[in-house]
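In this chain, numbering begins with 1 at the start of the sequence shown. The analysis underlying the following values was restricted to heavy atoms, covering all of them including side chains, and did not include hydrogens, waters or symmetry mates. What you see is a predicted model, and the numbers here were worked out from it, not measured in a lab.
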Amino acid sequence: MIQFMSTPLLFTTAEDNTYCYDNSTRIVFPVGDTEQQFLQQVDAGSCYDEDDFIQHGLSALLEQIRHYRLFQSVFTPPVITEQYMEEKILSEGISHLCLIVTDACNFRCKYCIYSDHYYYSKSFANRHMSFDTAKASIDYFMNVNRIAVEYNPNIDITIGFYGGETLLNWRLIRQVVEYTEQAYSLLFPNLVYSITTNAYLLSEENINYMLEHRFSISVSLDGHPQNHDRNRVTIDNKPTFAKVFSNLQLLERIYQEKVAAQKPAIPYGILITYDNLADFEEMEAFFASHPDIDQRVQRVSRVSDMNTSYYGGEQQLEPFSQRRGEYIHQLITRSKNKTFEDTATQFSKTVLKSIIFEPMMNLPYNPNELRGTCLPGLHKLAVDSEGRFHMCEKINPHYPIGDIHHGLDISMQAKYMNEFFAALKHCANCNLSNVCNLCYVIAETDGKGFRLETDYCRRFREGIVSSFSTYYSIMESNPHLFQDLRE
């Protein structure tokens, strides 16, 4: 007797070939007409005698199911105990310390999570983290990891700076680096710093300092001037592209000087955010005309549509989404050419990866035992300007998990994880649970547990099925595309 614990997920490529995805193993395999007709009738919980397979000419499918144990996944929400969290802290430590060095910003980006468009987030404030708060955070972070090194000598840790606009508190950033290097360089000699900035305050002095002290610098730039200045403006609503781009060119020049002098420097990255009004063709033309900047494109992501009123008014106009859809279709067609990876812009390759490849492969969350979630406070510990601990810099402030005076509150960590999984009871037989990217931020409320929007799963399923279809359509023509991403 063969029991299907999840429904087979079937999809078809542009060449009209049909494949099946198995959630248990993440195996994708081609199916013929007879197999397709059979699998289309299967629901979660269905049982079939092995003779049924043989009588219908499905012996090969039966052998695959037996050999690989296909269609056997059932998602059982874990029960997180305080002991579990204590053991994880001891053995794994804390991977990344994110210091939210300021709540102030010199920009008023229209899609910012601190804007009025987002229901549960905090607002901008003229608060800066003090050195005492930063020092206490670092000491706690390092002491936890000092113990974890005994369990895992190869542990890698990073310290990140986030805002607001981080460079508004540049003095503190330098103090943190100098203190950390003085106090902990022997324990963690390969420590890397990261910083996210709008680039408006970049200068020769702070660029040189960061490149010389192992900083991974991420800069926000939303493409060509018209698109960038549409959303990324100063407090008094002035455009910012000209100064940001000039500072980016300064960053590129200094970085290249370091490379030419054979001085170690981490390449910087450009982060692009788009909404429904962004014209991808114009953005690609812009980056194609600036290849030195294009090569630094690191991420292309959409303005979040969760817990927000941002996507109203003209953002809903059909012509914009239709135009972007046409660009994606053209991009997919181009990617089937075996020269695509060598000739395309980094922008277009990043769009293809972020919209098609990474969501389908669930790269950020692989393995996916906890769905798209992290272990709050362990994979990343965010500390705000007042010294309160949070799961990460993106979640709203209603889910604290400790502070610099008392350390991590293990009971709250376990509580939030259990509340999150309690909201996923309907996921038991989901045939996409192993590529699900659901995390705390997507299901956040005002701190009273977690809630999944009613149409989230439908939209996620539609997107993943489309990504599967597109991905395998490309692979049929250009099987070596983004090989490094898939290994």
Side-chain angles (χ1 to χ4, degrees), residues 77-82 84-86 88-89 94 96-105 111-127 129 133 136-137 140-141 160 162-164 303-311 365 370-427 436-457 460:
V79 176
I80 306 300
T81 65
E82 293 183 24
Y84 172 85
M85 294 303 300
E86 287 176 349
K88 283 290 185 180
I89 293 172
I94 302 171
H96 179 74
L97 176 65
C98 177
L99 298 176
I100 304 172
V101 295
T102 181
D103 293 319
C105 189
Y111 53 61
C112 181
I113 61 170
Y114 297 152
S115 72
D116 293 338
H117 287 299
Y118 289 86
Y119 304 140
Y120 305 123
S121 65
K122 62 183 179 181
S123 301
F124 293 108
N126 192 30
R127 290 190 296 264
M129 179 178 284
T133 298
S137 304
Y140 178 78
F141 174 66
Y162 197 79
V303 176
S304 173
D305 60 1
M306 303 302 296
N307 296 319
T308 182
S309 61
Y310 181 79
Y311 286 103
Y365 311 110
L370 300 176
R371 307 287 67 85
T373 65
C374 63
L375 291 170
L378 274 69
H379 294 159
K380 180 186 291 186
L381 175 62
V383 186
D384 66 24
S385 57
E386 303 297 313
R388 292 180 291 263
F389 290 176
H390 304 275
M391 301 181 195
C392 75
E393 74 281 8
K394 295 179 181 178
I395 198 163
N396 73 54
H398 301 298
Y399 298 89
I401 55 172
D403 58 46
I404 56 173
H405 305 294
H406 306 95
L408 281 167
D409 186 334
I410 294 174
S411 65
M412 294 304 291
Q413 291 172 282
K415 172 180 180 288
Y416 293 141
M417 292 190 74
N418 289 323
E419 287 179 347
F420 176 80
F421 287 121
L424 308 184
K425 292 179 180 178
H426 65 287
C427 300
C436 181
N437 66 355
L438 184 64
C439 78
Y440 306 109
V441 175
I442 293 173
E444 67 181 357
T445 64
D446 58 355
K448 299 173 183 175
F450 295 88
R451 181 180 63 249
L452 195 57
E453 289 191 3
T454 54
D455 66 338
Y456 172 81
C457 293
F460 177 76

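- The side chain to side chain contact (heavy atoms under 4.5 Å, CB included) test applied to H426 returns L452, C457, not counting sequence neighbours.
- Side-chain N/O atoms of Y399 and T445 include a donor and acceptor closer than 3.5 Å.
- Contact between S137 and V383 at its shortest, heavy atoms only, is OG-CG1, 3.3 Å.
- What you find for H379 and C374 is that their closest heavy atoms are ND1-CB, 3.1 Å.
- Here K394 pairs with nothing under the salt bridge (charged side-chain N to carboxylate O under 4.0 Å, His left out) rule; sequence neighbours left out.
- Pairing each heavy atom of C392 with each of A382, the nearest pair is C-CB, 3.5 Å.
- Minimum heavy-atom separation, H96 to G160: CE1-N, 3.4 Å.
- To the nearest 0.5 Å, atom CG of residue D446 and atom NE2 of residue H398 are 6.0 Å apart.
- S385 contributes atom OG, which lies 10.0 Å from atom CG of N126 (distance to the nearest 0.5 angstrom).
- Within the model, atoms CE of M417 and OG1 of T81 stand 10.5 Å from one another, a figure rounded to the nearest 0.5 Å.
- In this structure, P400 and M412 approach most closely via the heavy-atom pair O-CB, 4.0 Å.
- The structure places OH of Y162 at 12.5 Å from OG1 of T102, a figure rounded to the nearest 0.5 Å.
- Legend: residues meeting side chain to side chain contact (heavy atoms under 4.5 Å, CB included) with A443, ordered by chain and number and at least two apart, are F420, F450.
- The existence of a salt bridge linking E393 and K380 is confirmed by a sub-4.0 Å separation between a basic side-chain nitrogen and an acidic carboxylate oxygen.
- Taking every heavy atom of both residues into account, E386 and T133 meet most closely at C-CG2, 4.4 Å.
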